[in-house]
Amino acid sequence: MEDEARASHALTAQIAQLDRLDASLVERLRHEALTAPAPWKAEYGHYQSGGWWTTSLMNASGDAADVRIGDCTARPTALLEHMPVTAGLLADLGLSYMWVRLARLEANAFLWEHRDYDELDQVERHRLHIPLHTNSSAFLVTGGTKVHMAGGRIWRLTPTYAHGVCNLLGPDRVHLIADVYADDAYDRGPTSPRPPSGCRGRRSRCWPSGSTPPAAWPTSATSRRPSSCCCGCSTASLCPRAPPTT
């Protein structure tokens with residue numbers, strides 16, 4: 001029991017469910033994300049297989065096509081003007097935003113295992129995810145555990161831990177992602193963490209029955225060896241579909 005409690009605490013430090021959102025609000029947010037005239041951009045190509053697209057709602061420049069995040073006092077982009085429900089939610093949260101994006105991951109697409117924020121100022125900040133359009137084959141992998149970030153909640157990810165993302169079968173996975181600075185508003189906000197539900201253990205089944213593995217095996221951005229398996233295995237050696245390491 002103590003080992004399970006420690007493991008749950010460790011996982012919660014990496015990813016946690018925060019407050020629930022009203023279902024009708026989530027549906028309106030989803031509609032805006034899927035219909036807004038977003039200038040989707042492919043960035044951070046060395047961290048992905050292809051199929052990872054982002055567009056900015058708040059950033060330093062006000063240009064939605066500016067998607068390489070950095071420290072700043074974020075201001076709304078022109079795209080956010082087309083998304084009044086999303087703008088209202090961001091205002092209601094009252095947080096100090098560093099960057100706010102929509103992120104879209106296509107079917108059979110992967111983000112390799114990586115860490116974020118290393119190149120930024122060493123100040124406390126947090127990453128909040130609001131899943132808007134997802135499916136049961138889309139997972140985040142952190143700490144050797146795969147977690148399906150279900151809709152209807154705000155999630156907190158600590159991206160300084162190594163993590164990867166996959167969308168095996170589709171349709172597209174679309175998240176609203178806000179990088180925020182830690183301050184009094186954040187401490188008063190929807191930040192009480194709960195362990196994520198729906199996560200699968202280290203030795204969970206590699207591929208859903210009847211599905212087809214991806215054409216390219218997920219590998220680390222800094223290594224030729226397979227990283228933690230984006231389908232949920234804690235290491236590639238546990239996965240029957242892993243290629244031999246070199």
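Basis for what follows: all heavy atoms, side chains included, without hydrogens, waters or symmetry-related copies. Heads up: numbering here begins at 1 and tracks the sequence.
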- Query: Heavy-atom distance under 4.5 Å between the side chains of Thr145 and Gln14, does that happen here?
  - Reply: no
4.5 Å side-chain heavy-atom contact, Leu102 and Met83 | yes
Heavy-atom nearest pair, Tyr97 first then Leu90, reads OH-O, 2.6 Å
message: Any heavy-atom pair between the side chains of Glu106 and Trp53 that's under 4.5 Å?
response: yes
Between the CG atom in Asn108 and the SG atom in Cys166, the distance rounded to the nearest 0.5 Å is 10.0 Å
Applying side chain to side chain contact (heavy atoms under 4.5 Å, CB included) to Arg68 and not counting sequence neighbours gives Glu43, Tyr44
Rounding to 0.5 Å, atoms CG (Asn59) and CG (Asp63) come to a distance of 7.0 Å
Hey, are the side chains of Pro159 and Arg115 touching, using non-hydrogen atoms and a 4.5 Å cut-off? no
- Task: Could you walk me through whether Val174 and Leu34 pass side-chain contact (heavy atoms from CB on, under 4.5 Å), step by step?
- Result: CA-CA 8 Å; Val174 179; Leu34 296 179; 4.2 Å; yes
Nearest heavy-atom contact between Pro76 and Leu80 is CB-CD2, 3.9 Å
| query | Do any N or O atoms from the side chain of Thr158 and from the backbone of Thr160 form a donor-acceptor pair under 3.5 angstrom? | reply | no
Residue pairs passing the side-chain hydrogen bond (donor to acceptor under 3.5 Å, both in side chains) test with at least one member in residues 76-87, sequence neighbours excluded, are Glu32-Thr86
CD of Gln17 to CE of Met149, rounded to nearest 0.5 Å, is 9.5 Å
Of all heavy-atom pairs linking Pro131 and Ala150, the shortest is CG-O, 3.4 Å
message = Could you walk me through whether Trp52 and Thr54 satisfy the side-chain contact (heavy atoms from CB on, under 4.5 Å) test, starting with their C-alpha distance in whole Å, then the side-chain angles of each, then the deciding distance to 0.1 Å, before giving a yes or no?
response = CA-CA 7 Å; Trp52 168 256; Thr54 57; 3.8 Å; yes
query = Any donor and acceptor pair, going by atom type alone, linking the side chain of Ser137 with main-chain N or O of Leu169 inside 3.5 Å?
reply = yes
Nearest heavy-atom approach of Arg75 to Ala60 is NE-O, 3.2 Å
In the structure I gave you, are the side-chain heavy atoms of Trp155 and Ile15 within less than 4.5 Å of one another anywhere?
yes
Open item on the list: Please evaluate residues Phe139 and Val165 with respect to the criterion side-chain contact (heavy atoms from CB on, under 4.5 Å), reporting the C-alpha separation (whole Å), side-chain torsions for both, the decisive distance (0.1 Å), and the verdict.
Closed with: CA-CA 6 Å; Phe139 294 96; Val165 184; over 6 Å; no
Could you tell me how the ring of His114 sits relative to the ring of His163: parallel (under 30°), tilted (30 to 60°) or perpendicular (over 60°)? tilted
- prompt: Can a salt bridge be assigned to the pair Asp71 and Arg125 using a cut-off of 4.0 Å between side-chain N and carboxylate O?
  reply: yes
In one Ile/Leu/Val/Met/Phe/Trp/Tyr side-chain cluster, 4.5 Å: Leu176, Val67: no
Original post:
When you measure from the side chain of Thr55 to the backbone N and O of Ala38, does any donor-acceptor pair fall under 3.5 Å?
Top reply: no
Test log, rule side chain to side chain donor-acceptor pair (under 3.5 Å), inputs His126 and Glu124: CA-CA 7 Å; His126 303 275; Glu124 185 180 0; 3.1 Å; yes
- prompt: Got Ile177 and Leu128 here, is their nearest side-chain heavy-atom distance under 4.5 Å?
  reply: no
Determine whether a donor-acceptor pair (N or O, by modelled atom type, separation under 3.5 Å) exists between the side chain of Trp99 and the backbone of Cys72. no
Closest heavy-atom pair, Trp40 versus Ala33, reported as atoms and distance to 0.1 Å, is CZ2-O, 4.5 Å
Run Ile130 and Leu89 through side-chain contact (heavy atoms from CB on, under 4.5 Å) and show every step you take. CA-CA 11 Å; Ile130 300 178; Leu89 172 65; 3.7 Å; yes
I want to check something: taking the side chain as every heavy atom from C-beta on, are Val26 and Asp22 in contact at a cut-off of under 4.5 Å? no
Taking every heavy atom of Tyr181 against every heavy atom of Met98, the minimum-distance pair comes out as OH-CG, 3.2 Å
Contacts satisfying side-chain hydrogen bond (donor to acceptor under 3.5 Å, both in side chains) that involve residues 166-180 (not counting sequence neighbours) are Arg104-Asp172, Tyr117-Asp179, Arg127-Asp179, His129-His175, Asn135-Asn167, Arg173-His175
**Request:** List the steps and the verdict of side chain to side chain donor-acceptor pair (under 3.5 Å) for Ser56 and Asp66.
**Result:** CA-CA 7 Å; Ser56 294; Asp66 176 10; 5.9 Å; no
